[in-house]
2 protein chains.
Amino acid sequence: MDIIGQRNRLQYIILGLLSQQDQTGYDLTKAFEHEIGEFWQASHSQIYPQLQRLETAGDITHQDQIAGEKLAKKVYQLTAQGQKKLAAWVGEPSPELTATKDEFILKLYFIKSANDPRLGPMLQEQTQLHAEQLTHLQSRRAEVFPNQAAIDAAYGHYLILEHAIEREKHYVEWLNRAQ
Amino acid sequence: MDIIGQRNRLQYIILGLLSQQDQTGYDLTKAFEHEIGEFWQASHSQIYPQLQRLETAGDITHQDQIAGEKLAKKVYQLTAQGQKKLAAWVGEPSPELTATKDEFILKLYFIKSANDPRLGPMLQEQTQLHAEQLTHLQSRRAEVFPNQAAIDAAYGHYLILEHAIEREKHYVEWLNRAQ
DNA sequence: TTAAAACATGTAATTAATTACATGTTGAAA
DNA sequence: TTTCAACATGTAATTAATTACATGTTTTAA
């Protein structure tokens with residue numbers, strides 16, 4: 001049972017986001033605060049250099065824009081080559097399992113007894129954390145997918161938001177059962 | 001909603017594993033193939049140097065052992081200081097959410113329409129992958145926790161195995177619903 | 001008996017990711 | 001009107017993680 005390593009998936013995520021709409025490095029950075037951030041993390045200090053590499057490689061180009069008086073923006077867009085590269089990646093099999101890193105679960109692993117006094121507070125803390133996240137995701141769903149048309153227009157996005165919601169729901173249920 | 005970074009959690013996992021029993025770097029490496037591997041990944045090339053650093057720091061010590069004719073082993077054990085360090089880590093709050101990295105989910109995010117011809121095969125591939133993992137984890141549970149006494153003796157371990165099983169179960173259910 | 005898999009321990013090179021440093025603009029609220 | 005948050009883009013330094021290199025022993029199955 002293999003676990004994935006990192007073979008520059010960030011480049012494909014950037015291509016994918018740019019396939020949805022032309023945008024700046026700043027916009028891309030913000031995207032990781034929403035749904036994709038549930039399944040991949042990246043910060044602006046990774047994103048800006050990666051944009052430069054993708055442009056050098058000919059997968060994207062950019063246009064300079066001035067917002068307001070003199071705020072310089074670089075609005076990136078896919079090239080035909082970038083589109084092909086994205087399609088090739090999406091079409092490839094993904095035969096490896098997800099790499100989860102959960103510090104709380106690790107700590108739990110080292111708790112031997114159900115009577116350990118640390119167990120209760122730990123479970124409560126996590127219950128609150130995940131319940132909050134669940135609420136956040138649910139309101140996000142209501143906001144982003146108010147009707148069937150919105151779902152049809154971004155079906156994959158809808159599926160992964162559903163997945164994230166259910167993940168949190170079951171996490172909370174498991175925590176409650178453990179308590 | 002913060003996502004965890006990496007602040008050398010590996011050292012604590014090693015301390016935790018050594019708190020369960022004295023063992024070698026090789027044994028620790030193997031441990032990541034089982035339950036903890038579901039929630040953290042590390043390879044021998046991270047583990048051996050980390051063992052050296054922990055020993056220098058005084059958290060662990062080792063004894064040399066010869067297996068068979070001349071196969072040299074280093075069996076590591078916690079020091080009192082290492083025990084304290086482990087307990088302090090377990091007792092700390094874990095206020096950050098899990099960092100998941102799921103390449104398949106990312107690809108899905110970039111599928112716009114429910115009619116995309118790539119969608120069916122993608123979902124089928126993942127269904128098989130996660131169904132296999134579920135079966136594996138269930139047989140692992142039967143093996144490691146054949147009775148209540150085994151559960152009572154390693155309650156945290158039992159909880160996280162249950163969690164991993166349910167995670168896979170719900171993943172498969174979600175995939176089936178998406179299909 | 002021999003070949004392959006598993007046991008056992010390391011280091012080196014590369015890539016990925018985090019955290020910190022660095023600078024400037026614009027819009028909104030006090 | 002000024003100050004704070006958000007917008008916007010980068011680089012540098014450090015740490016974490018992967019992949020490859022490197023070597024040798026023991027057990028198991030063909």
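Please read these numbers as outputs of a predicted model, since none were measured by experiment. Letters A, B, ... are given to chains in the order of the sequence lines, protein chains preceding strands, and every chain is numbered from 1.
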* Between E55(A) and H62(A), is there a donor-acceptor pair closer than 3.5 Å when you use the side chain of the first and the backbone of the second? -> yes
Output yes when E38(B) and R140(B) qualify as a salt bridge under the 4.0 Å nitrogen-oxygen rule, no when they do not. no
Between K30(A) and E33(A), is there a side-chain N and carboxylate O pair less than 4.0 Å apart?
yes
Here the distance between atom C1' of dG10(C) and atom CZ of R53(B), to the nearest Å, is 13 Å
Practice item. Output yes when a side-chain donor or acceptor of K73(B) lies under 3.5 Å from a complementary backbone atom of Y26(B), and no otherwise. Key: no
Discussion item. Between Q77(A) and Q63(A) (side chain of the first, backbone of the second, donor and acceptor by atom type, cut-off under 3.5 Å), is there such a pair?
Written reply: no
Rounded to whole Å, CG of L51(B) lies from P of dG10(C) at a distance of 8 Å
Short heteroatom pairs, N/O only, protein and nucleotides 7-9 of chain C, under 3.5 Å:
unit_1: dC7(C); atom_1: OP2; unit_2: Y26(B); atom_2: OH; d: 2.7
unit_1: dC7(C); atom_1: O5'; unit_2: Y26(B); atom_2: OH; d: 3.2
unit_1: dA8(C); atom_1: OP1; unit_2: K73(B); atom_2: NZ; d: 2.6
unit_1: dT9(C); atom_1: OP1; unit_2: K74(B); atom_2: N; d: 2.8
unit_1: dT9(C); atom_1: OP2; unit_2: Y26(B); atom_2: N; d: 2.9
unit_1: dT9(C); atom_1: OP2; unit_2: Y48(B); atom_2: OH; d: 3.0

Here the distance between atom P of dT15(C) and atom CD of Q50(A), to the nearest Å, is 13 Å
Atom CD of Q65(B) and atom P of dT25(D) are separated, to the nearest Å, by 18 Å
note: I47(A), atom CD1; dT18(C), atom P; distance rounded to Å ~ 11 Å
Phosphate OP1/OP2 of dA16(D) contacted by Q46(B) side-chain N/O (<4.0 Å) = no
Give a yes or no on whether the backbone of E103(B) and the side-chain of S94(A) come within a donor-acceptor separation of less than 3.5 Å. no
Taken to the nearest whole Å, CZ/R7(B) to C1'/dA17(D) is 17 Å
From CD1 of I66(B) across to C1' of dT25(D) the rounded distance in Å is 11 Å
